Trainee: 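What follows is a structure written as structure tokens; I'll ask about it next.
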Amino acid sequence: MHKIGFFRSIQLKFIIIYILLLLVAVQVIGSYFATKMEKELIANFKSNVSDRIELLSYNLEQAFKKERPDGSLNQAEEDMPTLEQEVQSIINDVDTTKDSTTLQVVNNQGRVLGTNDSLNYDIVGKKSTEDIVQKALSGTKQEKMLFDPQIDSRVLIKGVPIYDKNGDVAGAIFMNVSLKSVYDQLQNINEIFFKASILAIVISAFLGILVARTITKPIKEMRRQAQTIAKGDFSQKVNVYAADEIGQLAVSFNDMNDRLRHSYATIEEEQLKLSSVLENMSDGVIATDVDGIITLMNEPAGILLGKSPEDSKGKFLLDVLHLNQNNVNLSAMAEHGSVIFDFGDDDNDFLVRAKFSTVVDDTDDTATYILVLSDVTEQQKIENDRREFVSNVSHELRTPLTTMHSYLEALTDGAWEDPNIAPRFLQVAQNETERMIRMVNDLLQLSKMDNKDYKLDQERVNFTRYFHEIVDRFEMNIPEHIHFKRELPQQKMFVWIDKDKMTQVMDNVITNAIKYSPDGGTIYFRVVKQRNRIVASIEDEGMGIPYDKVDKVFERFYRADKARSRKLGGTGLGLAISKELVEAHGGKIWASSREGKGTTIFIALPLMGQERRGSK
């Protein structure tokens with residue numbers, strides 16, 4: 001933020017306002033003072049003139065009242081001045097120099113008897129043409145003020161009647177008095193007032209600067225503190241200089257500073273939490289603006305999409321998702337809520353679920369789109385397996401139920417009376433029932449394994465001897481067309497196993513080998529020691545399994561030869577159960593097969609010395 005110059009500052013505005021207010025006050029006071037002073041000076045001047053006229057009028061009335069000789073006069077009377085002489089003498093005694101007074105005295109015929117205008121004595125004896133004189137001779141006093149351009153000043157003109165001893169108007173006094181001295185005096189006073197006003201304004205401006213600084217100093221401090229707060233520093237406070245409004249503003253500013261500091265700390269803490277959550281959550285998160293431009297992407301989202309989070313910021317979301325803008329609408333996907341994108345190829349499946357949500361502003365308009373990305377490949381696979389499992393169970397149960405229904409329906413229709421057919425039909429129904437019971441039992445066992453709801457009763461077992469016992473038991477009931485061949489070592493090899501559970505595994509594997517062995521086929525039994533484990537194998541010479549189907553033999557309900565398996569009473573769950581049991585012992589089971597050559601099932605178990613402590 002740029003520094004504010006003095007001529008743009010609030011301090012200058014305060015000073016200007018202060019001076020303008022003072023000028024207005026001085027102007028109003030000066031106008032009022034000048035008007036009052038003018039009226040007072042004029043009034044005083046008029047009063048002075050009136051006093052002079054009264055004195056002059058008295059002297060002139062005395063002169064007019066005197067008796068004058070008319071013809072036969074003594075010497076004394078002959079020495080008496082005439083009226084004109086005495087009037088002129090009285091006029092000459094009047095001081096009219098200081099205010100440029102023009103004085104004339106006329107008789108009742110309007111003829112001038114005397115004047116103080118030495119340059120205009122020739123008017124004596126002539127009749128006056130002044131209108132104000134004529135009105136004064138009528139017995140009324142006259143007064144008026146007007147501007148005289150000859151002397152460039154205003155003048156006061158008065159006409160006063162003079163009375164004789166009988167009270168009749170004997171003449172009149174005409175006086176023209178210049179007001180220049182009054183207005184010169186008023187001008188001097190105005191100049192003094194103006195100079196005093198200038199001095200007052202200068203002093204007031206200086207005081208205004210001091211007052212403005214006093215007012216603006218805390219405001220400047222608050223401005224600097226606001227700039228400091230804008231940079232994230234809440235450590236400083238504004239000084240409180242007084243308890244006035246600015247002081248209260250400073251207190252409020254400090255309180256706001258404390259609240260902002262607390263809010264800022266809270267926001268930072270929430271941002272750290274959010275950042276930590278975004279960095280450590282397994283799901284990907286993408287935030288965009290209303291136009292779909294990416295503003296935030298965490299690392300898991302970058303990993304899922306194969307994009308750098310930093311490089312993706314500022315890019316269009318649909319471009320990052322490799323979607324065609326012409327076919328996909330961002331707002332439509334947001335309304336849908338959840339979308340699954342397939343980023344897989346021919347070799348690998350890769351499904352990503354995007355959950356859309358929107359953030360609205362105060363006007364309920366969309367401000368931000370939030371996407372939560374999850375890898376649902378495994379979840380989708382599990383869901384597909386579940387559907388396939390339900391389908392397989394339904395199919396596996398429907399087959400024996402259909403068979404039982406057909407045979408029971410035939411029995412109901414009368415076949416039960418046939419002693420040759422009825423026992424055979426009942427035997428089929430019994431076999432199918434037992435098959436369903438085995439399937440249900442296998443499913444229950446698998447369910448317990450999935451829920452870890454079983455316990456291994458393990459013990460120390462010499463696997464070589466144990467394997468011989470298993471083979472011996474099958475060899476007693478071996479079909480005539482099948483041959484067993486043992487390739488077992490003489491040495492003792494001890495393992496830590498649950499004999500019952502492991503026997504179930506061996507029974508499943510060996511039973512399958514017998515089922516799928518051709519006439520005259522041989523089943524090989526081997527045990528090999530490999531470092532810290534033993535590997536037992538059961539190999540048949542059956543039809544074998546296609547290469548791409550070998551790993552599926554341990555899936556639930558999978559059969560290499562479905563028709564033959566069902567014919568022999570298989571449920572398709574034996575090897576799945578065996579896999580769960582072997583892995584529960586810390587071992588591994590897998591298959592190797594060549595189509596038309598036979599299949600070998602391998603079972604690896606840890607030797608006693610390696611896994612006993614852990615297994616216990």
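Keep in mind that what you see is a predicted model, and the values were worked out from it rather than measured.
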Trainee: State, to 0.1 Å, how close T464 and Q491 come at their nearest heavy-atom pair, and which atoms those are.
Mentor: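 Reported closest heavy-atom pair: OG1-O, 3.2 Å.
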Trainee: Residues in side-chain hydrogen bond (donor to acceptor under 3.5 Å, both in side chains) with K579, at least two apart?
Mentor: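 K579 satisfies side-chain hydrogen bond (donor to acceptor under 3.5 Å, both in side chains) with E583 only.
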Trainee: In sequence, state the C-alpha distance, the side-chain angles, and the governing distance for E269 and K273, and then conclude on salt bridge (Lys or Arg N to Asp or Glu O under 4.0 Å).
Mentor: CA-CA 6 Å; E269 183 180 354; K273 290 180 180 177; 3.5 Å; yes
Trainee: Mind checking whether V505 and H585 have side chains closer than 4.5 Å, heavy atoms only?
Mentor: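 Of all side-chain heavy-atom pairs linking H585 with V505, none is under 4.5 Å.
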Trainee: Would a distance-only check, ignoring hydrogens and angles, find a side-chain to backbone donor-acceptor pair under 3.5 Å from N462 to F494?
Mentor: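 Not a single qualifying donor-acceptor pair exists.
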Trainee: Could you check whether any side-chain N or O of E541 sits under 3.5 Å from a backbone N or O of T522, counting only pairs where one atom can act as donor and the other as acceptor?
Mentor: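 Yes; judged by distance alone, with no hydrogens or angles, the pair exists.
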Trainee: Keeping to residues at least two apart or across chains, list the side chain to side chain donor-acceptor pair (under 3.5 Å) pairs with something in residues 596-605.
Mentor: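 Of all non-adjacent pairs touching residues 596-605, those that pass side chain to side chain donor-acceptor pair (under 3.5 Å) are S593-T599.
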Trainee: Which pair of non-hydrogen atoms, one from R526 and one from F467, has the smallest distance, and what is that distance?
Mentor: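 Nearest heavy atoms, R526 then F467: O-CE2, 3.7 Å.
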Trainee: What heavy-atom pair brings D540 and S517 nearest, and what distance separates the two atoms?
Mentor: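 That would be CB-OG, 3.6 Å.
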Trainee: For T377, does its backbone N or O pair with a side-chain atom of D375 as donor and acceptor, under 3.5 Å?
Mentor: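 Answer holds: yes.
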Trainee: Any non-hydrogen side-chain atom of I545 less than 4.5 Å from a side-chain atom of K552?
Mentor: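 Not in contact.
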Trainee: For the pair T295 (side chain) and A287 (backbone), establish whether a donor and an acceptor sit closer than 3.5 Å, ignoring hydrogens and angles.
Mentor: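 Answer holds: yes.
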Trainee: Check whether N298 reaches the backbone of D283 with its side chain - one donor and one acceptor, N or O, closer than 3.5 Å.
Mentor: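 Yes: the side chain of N298 pairs with the backbone of D283.
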Trainee: Answer yes or no: is there a side-chain heavy-atom contact under 4.5 Å between I294 and T288?
Mentor: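 Yes; the side chains approach each other to less than 4.5 Å.
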Trainee: Can you see which heavy atom on L605 is nearest to which on F463, and at what distance?
Mentor: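 The pair with the smallest heavy-atom distance is CD1-CE1, 3.9 Å.
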Trainee: S578 and side chain to side chain donor-acceptor pair (under 3.5 Å): which partner among D507, N512, N508?
Mentor: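 Result: among D507, N512, N508, N508 is the only option passing the side chain to side chain donor-acceptor pair (under 3.5 Å) with S578.
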Trainee: Any chance you could lay out the side chain to side chain contact (heavy atoms under 4.5 Å, CB included) test for I514 and F484, step after step, and finish with the verdict?
Mentor: CA-CA 10 Å; I514 294 173; F484 282 0; 4.1 Å; yes
Trainee: For Y466 and V495, run side chain to side chain contact (heavy atoms under 4.5 Å, CB included): C-alpha distance rounded to whole Å, both residues' side-chain angles, the deciding distance at 0.1 Å, then the answer.
Mentor: CA-CA 10 Å; Y466 166 75; V495 292; over 6 Å; no
Trainee: Between I340, L373, V372, which is the residue that forms a side chain to side chain contact (heavy atoms under 4.5 Å, CB included) with R353?
Mentor: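 So, applying the side chain to side chain contact (heavy atoms under 4.5 Å, CB included) to R353 and each of I340, L373, V372, only I340 qualifies.
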Trainee: What are the two closest heavy atoms between V240 and A250, and how far apart are they?
Mentor: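 Smallest interatomic distance, heavy atoms only, reads CG2-CB, 4.0 Å.
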Trainee: Show the nearest heavy-atom pair for residues D498 and Q458, with the distance to one decimal.
Mentor: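 So the minimum-distance heavy-atom pair works out to N-CG, 3.7 Å.
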Trainee: Can you confirm whether D258 sits close enough to R261 that some side-chain heavy atom of one is under 4.5 Å from a side-chain heavy atom of the other?
Mentor: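 With C-beta onward as the side chain, the pair touches.
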Trainee: Under the 3.5 angstrom rule, does the side chain of T503 hit a backbone N or O of I470 as a donor-acceptor pair?
Mentor: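 Not at all, since once roles are kept as given, no pair shorter than 3.5 Å links the two residues.
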Trainee: Could you walk me through whether F602 and V528 satisfy the side chain to side chain contact (heavy atoms under 4.5 Å, CB included) test, starting with their C-alpha distance in whole Å, then the side-chain angles of each, then the deciding distance to 0.1 Å, before giving a yes or no?
Mentor: CA-CA 10 Å; F602 296 92; V528 195; over 6 Å; no
